[in-house]
Amino acid sequence: MTAQVRVQTQDFDVGAELALLRQNNPAVGAVASFIGCVRDMNEGDSVGLMYLEHYPGMTEAELHRISAEAATRWNIFDTLVIHRIGELRPLDQIVFVAVTSAHRGESFRACEFIMDYLKTQAPFWKREATPAGERWVEARASDDAAAARWKSATP
Amino acid sequence: MTAQVRVQTQDFDVGAELALLRQNNPAVGAVASFIGCVRDMNEGDSVGLMYLEHYPGMTEAELHRISAEAATRWNIFDTLVIHRIGELRPLDQIVFVAVTSAHRGESFRACEFIMDYLKTQAPFWKREATPAGERWVEARASDDAAAARWKSATP
Amino acid sequence: MSNATLPKQSIELVFLARLRERFGVARETYALPVEHASVAGLLASLRSRGKVFADELAEGRAYRVAVNHTVVGLDHPVHAGDEVAIFPPVTGG
Amino acid sequence: MSNATLPKQSIELVFLARLRERFGVARETYALPVEHASVAGLLASLRSRGKVFADELAEGRAYRVAVNHTVVGLDHPVHAGDEVAIFPPVTGG
């Protein structure tokens, strides 16, 4: 089991990352992944530019903790989390999570678990530029609800 | 909403497919995807070669039906299903399912739903070569159970 | 009474995967007696061929029947010109 | 009695995102009176600065406190040399 975590300003190549993650391991039967992208609308306002801030040190620690927690809950092989910071625009990739396992259920569960916890625990903050000016994005109750599901969930 | 379905012998490039699927749609905030791969072991036996047969005509109809069903259940944009047929070897990609949506929950749900139904409804059959000879892969009760979950599931 | 004296309808039979191998045939045009014009009737008719057909299509065996590309139940009608496929539980993905 | 007469411990404060902007500072070394050596005590001490600190760190406002990169509760101790970050609910991903 390896858990890769990367916080970076540059974009990433999901095809290349997925190939690397599988690392020619013929025990891998399933690869679940998720890409989060910048949308051009949020809360009914058009978004032209987004700025992502994080808390260096704690971010990486949290992402490793979340990945390790997924590996204790499900029978998975490897995990990859990439999160971009800095200036982003609509259509840009923000986040990528990928998980390998022997069978599909485990990689689906672990991938969504990591995303849900990333959304509510990892210290990233979005500021977006709308026609009315810049604003910090507000945390969503639905994200807390999504993360809370896992507290009672059985694998 | 577009639903792409492809049954083919040749391999596919997941990075290129994901970029095409997003098709520069800035309303897409989430892309969930799944790759199924040939493992070198199944039911405790080593697998050197696999042959995938399907039922032309019905396969495409079922995959379109499954994709359309996902689009009625969740608020998603586009779906892509690629399934390979013919001779495959360990490490080869077998199947790819990708779904785009505004928010992550919908694409995760729809992607797993399509995979679960594909596994139990789409007319594909695997024959694998093991040291003891060739055999048809037996259907798994766990796949039926996975598909049955969605009958009572709320979005 | 010979089957030949009864009206029949022509359907297309498709056998897939393990059943194709067991039956030794992938596709055939089949003259189905009209009083057997349902999935249950067709299966009874095919079982009457005996041997591997009677064995593989016995009640309780795990197989599926699709009429014109849709999986259906035993009471589904079978009409002239229909394509009826019989296959094992699927194992793709 | 002046605070200057009480023993203090030096900690690193980190403010992030909206709070960093509101406070106008990203990081500072803070001399925390030892009788305030908990998260609750630190918050009380910071609120006593008044104005935006009293406002943003008021009870009931939505913010989180991490000590040495781990989110903790109000009764968590704060020791000399700790890095204590205060930040709004996260919005990444």
Side-chain angles (χ1 to χ4, degrees), chain B residues 5 7 34-39 42-43 50-66 81-86 88 93-97 111-128 134-144 146-147, chain C residues 10-30 32 38-39 42-43 46 51-93:
Chain B
V5 164
V7 180
F34 178 83
I35 311 167
C37 318
V38 182
R39 295 184 300 137
N42 192 28
E43 307 287 336
M50 169 173 288
Y51 179 81
L52 258 149
E53 173 173 334
H54 79 126
Y55 178 15
M58 179 169 165
T59 311
E60 293 81 356
E62 275 296 304
L63 295 178
H64 274 292
R65 187 188 64 72
I66 293 164
V81 179
I82 305 176
H83 203 298
R84 292 176 71 189
I85 51 173
L88 297 173
Q93 302 183 122
I94 305 173
V95 62
F96 184 55
V97 174
C111 186
E112 190 167 12
F113 170 87
I114 291 171
M115 271 307 302
D116 283 352
Y117 270 79
L118 183 158
K119 284 284 232 184
T120 52
Q121 309 293 326
F124 292 101
W125 299 272
K126 287 176 183 149
R127 195 180 64 209
E128 58 192 15
E134 295 209 353
R135 66 184 181 198
W136 290 95
V137 173
E138 294 283 328
R140 290 158 52 106
S142 62
D143 286 331
D144 284 332
Chain C
S10 176
I11 61 171
E12 282 292 301
L13 282 180
V14 176
F15 302 117
L16 290 144
R18 198 180 55 78
L19 291 181
R20 172 180 50 72
E21 287 189 346
R22 290 282 287 156
F23 297 158
V25 58
R27 180 177 278 270
E28 65 174 301
T29 301
Y30 188 70
L32 179 67
S38 70
V39 169
L42 168 63
L43 291 171
L46 288 171
K51 300 194 183 93
V52 68
F53 286 92
D55 178 29
E56 292 288 348
L57 301 179
E59 290 177 35
R61 295 297 298 264
Y63 56 86
R64 305 282 180 271
V65 179
V67 173
N68 299 327
H69 294 167
T70 300
V71 171
V72 296
L74 288 172
D75 56 355
H76 192 87
V78 175
H79 300 117
D82 281 351
E83 177 170 305
V84 181
I86 307 180
F87 49 77
V90 304
T91 58

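Only heavy atoms go into these numbers, but all of them, side chains included; no hydrogens, no water, no symmetry mates. A note on names: the letters A, B, ... follow the listed sequences, proteins ahead of strands, and every chain is numbered from 1.
- For a residue to count as touching a neighbouring chain, one of its non-hydrogen atoms must lie under 4.5 Å from one of that chain's; by this rule B/Arg127 touches chain C with the side chain only.
- The closest side-chain heavy-atom distance from B/Trp125 to C/Leu19 is not below 4.5 Å.
- For C/Arg64, no part lies under 4.5 angstrom from a heavy atom of chain B.
- Around atom CD of B/Glu138, no more than 12 heavy atoms belonging to other residues, nucleotides or ligands sit under 6.0 Å away.
- Looking only at distances, a side-chain donor or acceptor of C/Tyr63 sits under 3.5 Å from a matching main-chain atom of C/Leu57.
- Checked against salt bridge (Lys or Arg N to Asp or Glu O under 4.0 Å), C/Glu12 has the following partners two or more places apart in sequence or in another chain: C/Arg27.
- For B/Glu62, the salt bridge (Lys or Arg N to Asp or Glu O under 4.0 Å) criterion is met by B/Arg65, not counting sequence neighbours.
- Both the backbone and the side chain of C/Ala17 come within contact range of chain B, judged by heavy atoms closer than 4.5 Å.
- A heavy-atom distance below 4.5 Å is not found between the side chains of C/His69 and B/Glu60.
- Close approach to chain B, defined as a heavy atom under 4.5 Å from one of its heavy atoms, is seen in C/Glu83, C/Ala85, C/Phe87, C/Pro88, C/Pro89, C/Val90, C/Thr91, C/Gly92, C/Gly93 of residues 83-93 of chain C, taken by number.
- Not counting sequence neighbours, B/Asp144 has no partner by the salt bridge (Lys or Arg N to Asp or Glu O under 4.0 Å) test.
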